[in-house]
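What follows is a single structure, written as structure tokens, with notes after it.
Reminder, nothing fancy here: chain letters follow the sequence lines and each chain counts from 1. Keep in mind that this is a model prediction, so the values were computed, not measured.
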Amino acid sequence: MIAVCFSVRTRTHWLTSVVLAAVGVIACATESPPQPTQAAHLELLFQPNPGRLEIAGSGAMTPLASELAAAWERRPDDLRTQVEPSIGSGAGIRAAAEGAVDLGMVSRPLSDAERQHGLRVVPIAIDVVVMATHSRIPLDGLSRGELKSIFSGLPRQLEDGTRVTPLLRDPQESANEAIERVCPELASLRLEAYRAGRFRVLYHDDAMGAALTVTPGALGVFSLGAIQSWKLPLKPVAVDQVLPSVAAAQDGRWKATRVLAFVARPERLERARRFLDFARSSEGRLAIARSGYLPLAEEKP
Amino acid sequence: MMPMLALACAALAASAPLAYHLEKRYELWSVAREDAEHAALALREIVQERPRLWRYDAAKLYEQLVIEGRLRGSRLIIIDERGRDIPLQARTAATDSNGGLIWSSSPVTANEGKVGTVWVGVDGTFLWRTTATLALVFALAAIALGFVLYRVPARALAMAQRRIAALMRRLTLSLQEEERRRIARDLHDGVGQALTAARLQLLALERGSLPAQTIPAIARHLDEAVDEVRRSTTALLPPALVELGLSRALARHCEAVASATSLSVIYDAPPELPALGEDLEVACYRIVQEALSNTAKHAGATWAAVRLAMNPQELRLQIADDGVGIGEDKPNGCGLDSIRQRVLLLGGTFSLPPVDRGCTIAVTLPLAGGL
């Protein structure tokens with residue numbers, strides 16, 4: 001009898017222990033990420049590459065920087081340049097702040113938080129943002145209403161039977177905001193399209209250029225300078241009878257523009273000074289204009 | 001019973017919510033794991049393309065995963081090889097809080113080894129809420145079930161106990177009444193008769209109608225009365241039990257029966273028994289006394305056997321003879337009813353197992369609380 005009582009008591013304790021252990025396992029046995037170390041201000045993570053000026057950032061500015069670098073390389077200077085593929089304005093600012101590149105490229109104004117990094121901003125040119133399509137597509141102009149209709153998802157067939165396929169850039173892309181100055185209705189349509197997964201979204205300028213080139217009937221926001229620099233078989237589409245061009249942007253008829261600039265830590269700015277001087281010289285400005293961008297007034301950084 | 005029932009109800013209440021929680025948690029963890037592996041794979045391609053600048057392109061990747069619906073988790077964190085959090089611009093609803101997230105991770109490896117880790121957290125706050133709700137529902141169900149399982153048998157048990165107690169009281173009264181009747185009968189038939197005879201003879205002696213030689217006869221009558229009184233008191237509590245203990249008292253009684261009758265009595269029992277309590281020992285002694293008396297008076301047997309055995313739970317007593325047995329018309333006769341009542345009063349069992357010849361009485365008496 002004593003043995004039986006002991007057995008029952010032991011079993012009770014055992015069961016209680018199992019239940020408590022199970023609850024404990026559930027509560028505790030979960031992975032969780034380590035507490036990340038993130039400094040309040042960005043710190044210098046990388047040392048400069050000796051003899052080479054590294055440039056990365058906005059995809060809108062990448063063709064321009066590549067043209068400038070190519071012109072620079074023809075000069076008798078031992079400082080070499082390397083322009084990285086597009087990583088976007090925000091990433092260009094961070095990369096410059098952390099020293100991963102000497103010059104970051106931006107196609108939008110810096111936010112308040114980004115200004116805290118203490119970077120110097122050197123505006124270089126103005127980019128004309130356009131609605132672009134393949135040059136063989138029989139689509140030269142659209143009204144704002146038609147643009148709105150196309151980006152709201154209503155089908156639109158062209159004369160040759162091609163159906164217009166809208167393409168979107170990612171939400172962080174500065175070209176969105178620029179084109180929405182021409183057609184403000186596109187802002188809400190774009191957000192709705194993201195939510196609904198209505199159209200294909202491209203995350204880099206080179207990817208957008210390729211998609212506009214190969215997708216039948218593709219129509220999307222793009223850089224006029226990139227079209228010219230990369231010699232893509234694309235053309236700008238007029239909106240409300242205004243054909244986007246550098247001249248139209250210069251005289252104010254076309255509002256979709258954005259300022260392109262380099263950003264750099266002060267000590268890296270010194271390192272890049274000769275290149276930046278060249279970019280803002282007559283020769284540099286000529287190269288910028290040849291690339292389809294509007295050079296800013298000549299000025300020392 | 002109550003603690004076991006409570007534990008069973010608690011286990012019942014906890015088991016389903018626990019199973020639900022574990023299953024759902026594993027499901028969410030699997031989602032986080034898949035997402036982390038997927039993101040790590042995509043990030044690996046970026047690392048290979050841009051070994052130095054991949055960390056700055058990760059935000060676009062996150063944005064892409066969110067917009068394309070390929071990230072089911074609520075939060076994605078990328079930590080580089082130095083343990084630094086790589087900032088991701090796009091944000092989802094639960095991004096600003098880590099509470100209730102179920103995390104899983106996957107390493108980002110490139111040619112030169114591990115360059116970072118992708119962590120994906122899936123919102124699991126609903127899981128605790130749902131589990132708590134389930135636990136509440138099951139706890140209420142378990143309480144209801146526990147009430148039914150405990151109260152219904154408990155009430156039936158209480159009723160049965162009340163009935164048994166009443167029966168015991170009746171049995172006790174019946175036995176006491178019978179004992180009183182037997183003592184009264186013995187006093188009337190023995191002591192009464194002897195004292196009456198002595199009184200009559202003394203009166204006759206006083207009147208002178210009897211000679212003085214009759215005084216020894218009167219003394220015999222008074223001696224018989226004294227003997228009868230002694231027998232009666234012995235019947236109430238056998239002195240042998242007090243003096244010798246149960247086993248030896250029974251042995252002596254068997255010898256006495258054998259010497260007083262033509263019966264050959266075999267006694268088989270352990271020579272020493274532990275103290276079993278007065279009620280049990282008296283009952284045992286009386287049962288043997290009654291059974292042997294019946295055998296001697298009614299069975300016409302040549303032998304009788306008394307066997308006593310014990311285990312930690314009970315005392316086993318068997319009285320057998322080779323007599324004529326008990327007729328089917330008298331299953332309770334010959335003092336058997338008295339034996340049965342004594343046994344029932346102590347919570348034991350009484351039976352008459354079938355035998356080829358004679359009669360066998362089998363009795364078990366529980367030992368209170370065991371040994």
Side-chain angles (χ1 to χ4, degrees), chain A residues 1-2 8-9 11-13 15-16 18-20 22-23 25-27 29-39 42-43 45-46 49 54 56-57 59 84-88 90-98 100-101 104 113 168 170-173 193-195 197 200-204 207, chain B residues 3-4 6-8 10-11 14-15 18-19 21-22 25 28-29 32-33 36 46 49-50 52-61 63-64 66-69 75 77-80 82-87 89-90 98 101-105 117-121 124 127 131 312-313 369-371:
Chain A
M1 186 65 81
I2 292 167
V8 168
R9 195 171 298 162
R11 205 158 44 225
T12 307
H13 289 173
L15 279 170
T16 310
V18 166
V19 170
L20 289 176
V23 172
V25 164
I26 293 166
T30 46
E31 293 180 89
S32 60
Q35 196 62 36
T37 56
Q38 188 169 16
L42 294 182
E43 54 187 278
L45 293 180
F46 301 94
N49 196 338
E54 291 178 318
E84 299 285 349
S86 161
I87 55 173
I93 292 165
R94 287 190 64 83
E98 293 181 347
V101 294
L168 293 179
D170 58 276
Q172 304 299 320
E173 170 58 33
Y194 291 142
R195 279 195 294 273
R200 190 177 166 199
V201 181
L202 286 308
Y203 294 85
H204 292 101
Chain B
M4 280 302 289
L7 189 68
S15 57
L18 201 63
H21 191 98
L22 286 174
R25 197 172 189 84
L28 294 176
W29 179 84
R33 181 85 185 165
I46 298 174
E49 283 174 15
R50 301 170 195 186
R52 186 157 168 163
L53 298 178
W54 67 269
R55 59 176 50 243
Y56 305 105
D57 215 16
K60 290 246 181 191
L61 170 69
E63 212 169 56
Q64 185 173 353
V66 171
I67 287 177
E68 292 177 359
R75 185 162 189 195
I77 291 176
I78 300 172
I79 294 173
D80 69 8
R82 298 181 191 181
R84 286 172 56 92
D85 186 11
I86 292 175
Q89 291 173 349
N98 278 356
L101 293 180
I102 295 166
W103 291 92
S104 185
S105 66
T117 307
V118 174
W119 285 89
V120 172
L127 191 54
T131 305
Q313 277 77 43
L371 286 179

>> What's the separation between atom CG in B/Leu53 and atom CD in A/Glu98, rounded to the nearest 0.5 Å?
In response: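 Here the interatomic distance stands at 10.5 Å.
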
>> Do B/Asp57 and A/His204 make a side-chain contact, defined as non-hydrogen atoms from C-beta onward lying under 4.5 Å apart?
In response: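 The answer is yes, as the side chains (C-beta and beyond) meet within the 4.5 Å cut-off.
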
> With A/Tyr194, which residues qualify under side-chain hydrogen bond (donor to acceptor under 3.5 Å, both in side chains), at least two apart?
Replying inline: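 So A/Tyr194 forms a side-chain hydrogen bond (donor to acceptor under 3.5 Å, both in side chains) with A/Arg190.
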
> Taking atom CZ of A/Arg200 as the centre, does the number of heavy atoms from other residues, nucleotides or ligands within less than 6.0 Å exceed 12?
Replying inline: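 No, the 6.0 Å shell around CZ holds no more than 12 heavy atoms from other groups.
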
> With a 4.5 angstrom heavy-atom cut-off, which part of B/Trp29 approaches chain A: side chain, backbone, both or neither?
Replying inline: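 Side chain only.
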
>> Using a 4.5 angstrom heavy-atom cutoff, name the option from A/Ser86, A/Gly57, A/Ala56 with the most pairs to chain B.
In response: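 Heavy-atom pairs under 4.5 Å are most numerous for A/Ser86.
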
> Do you know which of A/Gly88, A/Gly197, A/Pro171 has the most heavy-atom pairs under 4.5 Å to chain B?
Replying inline: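 Highest number of heavy-atom pairs under 4.5 Å: A/Pro171.
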
> Which atom pair, heavy atoms only, marks the closest approach of A/Ala91 to B/Tyr56?
Replying inline: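 So the minimum-distance heavy-atom pair works out to CB-O, 2.8 Å.
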
> What residues, two or more places apart in sequence or in another chain, satisfy side chain to side chain contact (heavy atoms under 4.5 Å, CB included) together with B/Thr117?
Replying inline: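 By the side chain to side chain contact (heavy atoms under 4.5 Å, CB included) rule, B/Thr117 matches B/Ser105, B/Lys114, B/Trp119.
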
